[in-house]
There are 2 protein chains.
Amino acid sequence: MTSTTDHAVPPKRRRDRAAREREILDAAERIFGERGYQGTSMDEIAAEVGVSKPLIYQYYGSKDGLFLACLSRLRAQLLDAVSEAVLAAPDAEEAMKAGFVEWFSFLDDHPRAWSVLVDEGMLAAGPAAQAADEVRADFVELIATMVRLNLPAGHAFTEDEIQIVAQSISGATERLAIWRTKHPAPPSPTQTATTLMTFLWQGLNTLRA
Amino acid sequence: MTSTTDHAVPPKRRRDRAAREREILDAAERIFGERGYQGTSMDEIAAEVGVSKPLIYQYYGSKDGLFLACLSRLRAQLLDAVSEAVLAAPDAEEAMKAGFVEWFSFLDDHPRAWSVLVDEGMLAAGPAAQAADEVRADFVELIATMVRLNLPAGHAFTEDEIQIVAQSISGATERLAIWRTKHPAPPSPTQTATTLMTFLWQGLNTLRA
DNA sequence: CCGAGTAACTTACTGGGAGTAACTTGACTC
DNA sequence: GAGTCAAGTTACTCCCAGTAAGTTACTCGG
């Protein structure tokens, strides 16, 4: 008598591809976030999902591919949050500040996301590098747009000059995010954003006053 | 007759520890610079030096340890070059600009060094992470010193605020260095430094004028 | 010149993890 | 219920970081 174990534990049913991909991505995001890229093995992720390793390879191609997929999704969420804050602001100055506040807040509220983002340097070499750059480029473009809006109509700035400014700001925010996580008692997102904003807006020279 | 093969090809003589360590470090720097951290195997470095792998482990402990040693030496050279430029300048503004010019120039002239520096994110996790941070911290400290010198004597800035500014500038320069390597025709070190300097000094707001 | 001691160095291995070839199982269609 | 195709698995290979245990060259006191 096939002792139908009570109310039928659904014993690992098959799911369609999209659902499994999401499941795998969720698990990967969590584990990468906890242990970092190097510290995570594909077997571990497979075990977590309750699936075998080759399935993950079938869907994501490689460890880099899976990591990149996590990275892209997280970056997109972050970009959405920041964009929303920026668009809701009344003027350029407020927009930039709101963007910074949201950036630091989001990272405070999503520590796992954060770890994945930090590890993206891992992809510096290899074929995934270019894809990783493109993901990051969205952010620089948002900043560049804000910078352009802040310049007078007939300004004399070249595209390279605008890029230099936008890249600088992007690099600054990323470094500050890292700094805050190592700081025993980091300044609040608002405070950090305010100081950064003042500095970027006024410049070093006028800070003397 | 021990046929002294002509003018004695020294057939792999032993060397004292310090000399071997330097030899290993040089080879490691070159290969890490060419293939990146992940793409380099310890066997490869060992073969390059003409020595067996365990010797490298005896001297440097681990792959991370060896990489960190390369990183430290390169960072020290870079810091020296930049410090010298900064100290030779007549005032704070010139000092900062000279520092930026030297930073970008050095990285242009030492592409291998550069690749290693980019890959330092590789150490984000693991026990080497803290050591890597300390190496980088020297740079931030140099910048922080310049920032402090530029502020009036009885200023009202907290240490955290100064750190925010210094970290931002450091992050900006690193990101710009990466940007320049991907740029098909990057602006010259002087040009990049000038634009960055103007932006940092005047601030976004005054750029409008 | 010779043995003892030591530092430089090697051979030969383990373990773990990325990636893959080849096969099986379940669900749906006609 | 036979055919078919996607979902999924077992059972490997290879590569590479790291190590245990031994061997060889140099040095220094006698």
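Each chain gets a letter, A, B and so on, in the order the sequences are listed, and its residues count up from 1.
Residues forming a side-chain contact (heavy atoms from CB on, under 4.5 Å) with A:Asp108 (at least two apart in sequence, or on another chain): A:Arg180, A:Pro189. B:Phe100 meets the ring pair (Phe, Tyr, Trp, His ring centres under 6.0 Å) test with no other residue; sequence neighbours excluded. For B:Val82, the side-chain contact (heavy atoms from CB on, under 4.5 Å) partners two or more places apart in sequence, or in a different chain, are B:Leu78, B:Val86, B:Glu102, B:Trp103, B:Phe139, B:Leu142.
Here side chain to side chain donor-acceptor pair (under 3.5 Å) pairs that include residues 77-87 of chain B, with residues two or more places apart or in two chains, number zero. Screening residues 159-183 of chain A for ring-ring contact (aromatic ring centres under 6.0 Å, His included), with sequence neighbours left out, gives A:Trp179-A:His183.
For the pair B:Tyr60 OH and D:dG18 P, the computed distance is 15 Å after rounding to whole Å. Atom CD in B:Gln58 sits roughly 16 Å away from atom P in D:dG22 (whole-Å rounding). When the P atom of C:dG17 is taken as reference, atom CG of A:Leu66 falls 16 Å away, rounded to whole Å. Taking atom OH on A:Tyr59 and atom C1' on D:dT9, their separation rounds to 13 Å, with Å as the unit. Spacing between atom CG of B:Leu55 and atom P of D:dA21 amounts to 19 Å, rounded to whole angstrom units. We find that CZ of A:Arg17 is positioned 17 Å from P of D:dC5, with the value rounded to whole Å.
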For this session: For each nucleotide in nucleotides 19-30 of chain C, reading 5' to 3', give B when a protein heavy atom comes within less than 4.0 Å of its base, S when such contact involves only the sugar-phosphate, and - otherwise.
Result: BBB---BBS---
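Residue B:Ser41 is classed as a sugar-phosphate contact, given heavy-atom separations below 4.0 Å to backbone atoms only.
Both tests pass for A:Lys63 against the ring of A:Tyr37: distance under 6.0 Å to the centre and angle within 45° of the axis.
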